[in-house]
Amino acid sequence: MIKGGLPPLGLGEAEERAYEALLLERADHVEELARLLDLPRKRVDTALDRLVEHGFARPPDPVDGGGLPHPAAPAAAIRVLIDRRQAELHRRSAELQRRSAELERLRLTAERLAAERLAADRPAALRAHGCGGTGAGGEGAGAGCAVERLAGRGAAGERTGRLLAGAEREVLLMDRAPYADLDMGGLLARGVEVRAVLDRAGLTVPGRARAVAALVRRGLRVRVAAGVPTRLLAVDRRVALLPPSDAADPRAYALVVADARLREALAALFEAVWEGAAPWDGDGGGGREEGPEQRELLRLLAAGLKDEAIARRLGVHVHTARRRISRLLESLDARTRFQAGARATARGWLDT
C-alpha cells in the first residue's frame, strides 16, 4: 500500500479517517470520536476544523455541545479535492514546461562546452582535468571537467555500465522507448534506491509491463508519464548522463555532466517530472478502468452507504460485499473508502 496517498489532494490522514467516521456515523461526540480513532482530542479537533474549513463538513449545531460536524456528500467533497488537484497540476505543468525549456538551454550550453574542449585538442590537459579518464566511482568526468561528450553507442553503453557499477546510494532514471537495457535488479540487490519515470507509450511492448512489475516487487519505485522530456541517468547526485537522443543514429552522442550547477538543474527537472507523473498501477496504463460491477460498487461507496445497505443493493450477503470492497480498495491501492473514491473520480470512473 502507498502511504499518504491523499495529502497531495489536500486531505491528511487524520482528516480522512475522521471524515469516514462521520459518514458512517460511528460516533456522536468528539470525545467518542477521539477514542475511536485513537488520536488525542486536540488532533481530532484540528481535523474536524479542517474538514469544515475545506467544505467537507458543516459546523455542528450550536445547541449540541460537543457534537460533531455534519459531513458533506462524498461525491461533492471528492469533487472539491479533484478541482483543487487539477488547479495544482496546471501550475506544475507550467513549471515543468519552464524546466524543460531550461533543460534545452542547458543542453545547448553543454554542447558548446563539449565542442570547445574537442576543438582545443589537448588530450594531455584533458586527462589532467579528469575528462576522458575514469574518476572515482567510474564516472569518468572529474571535478575539472564540466561536460564530456561520448560519441557512439559503445562509448555511451560502457560509461553507463561504469556509472551504475559505482552507484552507492541513489539512481534516478527518466527513459522512453526504446528503453535502455540497464541492470536495475543488480542495483536493487545492492541496496541502491532506484526511482524511474517511464514514458507510457513504451510500456505497451509485450512483456515490458511484466518486467517492470517484477522489479517493482524487488523495490524499484516507478512512475509513468506521457511524453518524458528527455532520457536521463543520475547517480548519487554527483554525476549525470544524458544518453543519445537517437541511439540508432551513428552521429548521436551522450553527455556526461559533472558540473554542480548543471547536475542540480537536471535533478530539479527529474523531480518536477516525477511529481507530475502517475503512480505505477501494475500495467503501466496509469489506471485501468474497472467493469460495471466495480463502478456500481464505487457509486454506492461514494453515496456513503454502509456495508449492509450496499449488500442489499447488490443482492449479496454482507460478508460478500465486504470482500468485494476490500478487493476494490486493493486494486486502487487505497487504504480507505474515501481514498478509493478520490482515486476513482480522478480516473473518471464515476463520471458515467
Side-chain angles (χ1 to χ4, degrees), residues 92 95-118 120 125-151 155-176 180 182-184 187 190-199 220-223 225 228-245 247 252-277:
R92 289 180 177 173
E95 174 68 11
L96 178 57
Q97 291 178 0
R98 185 186 69 80
R99 291 191 180 276
S100 296
E102 181 180 352
L103 171 66
E104 184 60 25
R105 290 194 298 271
L106 289 171
R107 181 184 288 277
L108 293 175
T109 300
E111 291 177 355
R112 178 179 58 79
L113 290 172
E116 289 174 356
R117 290 185 179 276
L118 288 173
L126 290 177
R127 283 194 296 271
H129 285 288
C131 297
T134 52
E139 56 263 28
C145 181
V147 179
E148 181 181 4
R149 177 171 172 161
L150 301 175
E158 180 183 357
R159 185 62 57 83
T160 299
R162 294 213 307 264
L163 284 172
L164 296 180
E168 298 176 353
R169 299 180 303 278
E170 176 189 59
V171 168
L172 307 178
L173 174 68
M174 287 197 302
D175 206 1
R176 58 194 183 196
L182 304 178
D183 184 17
M184 295 292 103
L187 291 170
R190 295 190 347 241
V192 177
E193 180 183 1
V194 183
R195 285 193 289 155
V197 180
L198 304 180
D199 193 279
L220 177 67
R221 298 174 61 191
V222 177
R223 291 190 177 183
V228 171
T230 186
R231 292 186 174 94
L232 171 67
L233 178 69
V235 176
D236 293 336
R237 306 275 173 157
R238 69 171 182 261
V239 63
L241 185 143
L242 293 167
S245 56
Y253 57 88
L255 295 176
V256 181
V257 180
D259 178 79
R261 290 183 61 186
L262 296 178
R263 290 198 326 264
E264 290 172 2
L266 291 172
L269 174 67
F270 174 87
E271 296 297 346
V273 176
W274 173 269
E275 186 64 25

For the pair Glu168 and Arg190, evaluate salt bridge (charged side-chain N to carboxylate O under 4.0 Å, His left out) and give the outcome as yes or no after the intermediate values. CA-CA 8 Å; Glu168 298 176 353; Arg190 295 190 347 241; over 6 Å; no

In this structure, CG of Leu241 is separated from OG1 of Thr160 (nearest 0.5 Å) by 4.5 Å

Of all heavy-atom pairs between Leu163 and Val235, which one has the smallest distance, and what is that distance? O-CG1, 3.8 Å

Check: Val228 main-chain N/O paired with Asp199 side-chain donor or acceptor under 3.5 Å: yes

Can you find a heavy atom in the side chain of Leu182 that is under 4.5 Å from one in the side chain of Leu173? yes

Ala254 and Pro243 have their tightest heavy-atom pair at CB-CA, 4.1 Å

Quick one: does Val256's side chain get under 4.5 Å of Leu150's, heavy atoms only? yes

Separation between CD of Glu170 and CG of Asp236, rounded to the nearest 0.5 Å: 7.5 Å

My understanding is that only residues two or more places apart in sequence, or in another chain, count here; which of them pass side chain to side chain donor-acceptor pair (under 3.5 Å) with Glu193? Arg221

In a table with atom names and distances, give each donor-acceptor pair under 3.5 Å that connects a side chain of residues 262-273 to protein atoms at least two apart or in another chain.
unit_1, atom_1, unit_2, atom_2, d
Arg263, NE, Arg237, O, 3.0
Arg263, NE, Arg238, O, 3.2
Arg263, NH1, Arg238, O, 3.4
Arg263, NH1, Ala258, O, 2.4
Arg263, NH2, Arg237, O, 3.4
Glu271, OE1, Arg195, NH1, 3.2
Glu271, OE2, Arg195, NH2, 2.6
Glu271, OE2, Arg237, NH2, 3.0

Atom pair CG (Leu187) and CG (Leu220), whose distance is rounded to the nearest 0.5 Å: 9.5 Å

Once you round to the nearest 0.5 Å, how far does CZ of Arg149 lie from CG of Leu242? 13.0 Å

Working to the nearest 0.5 angstrom, can you tell me the gap between Leu232 CG and Met174 CE? 4.5 Å

How close do Met184 and Val194 get, heavy atom to heavy atom, and via which atoms? SD-CG1, 3.6 Å

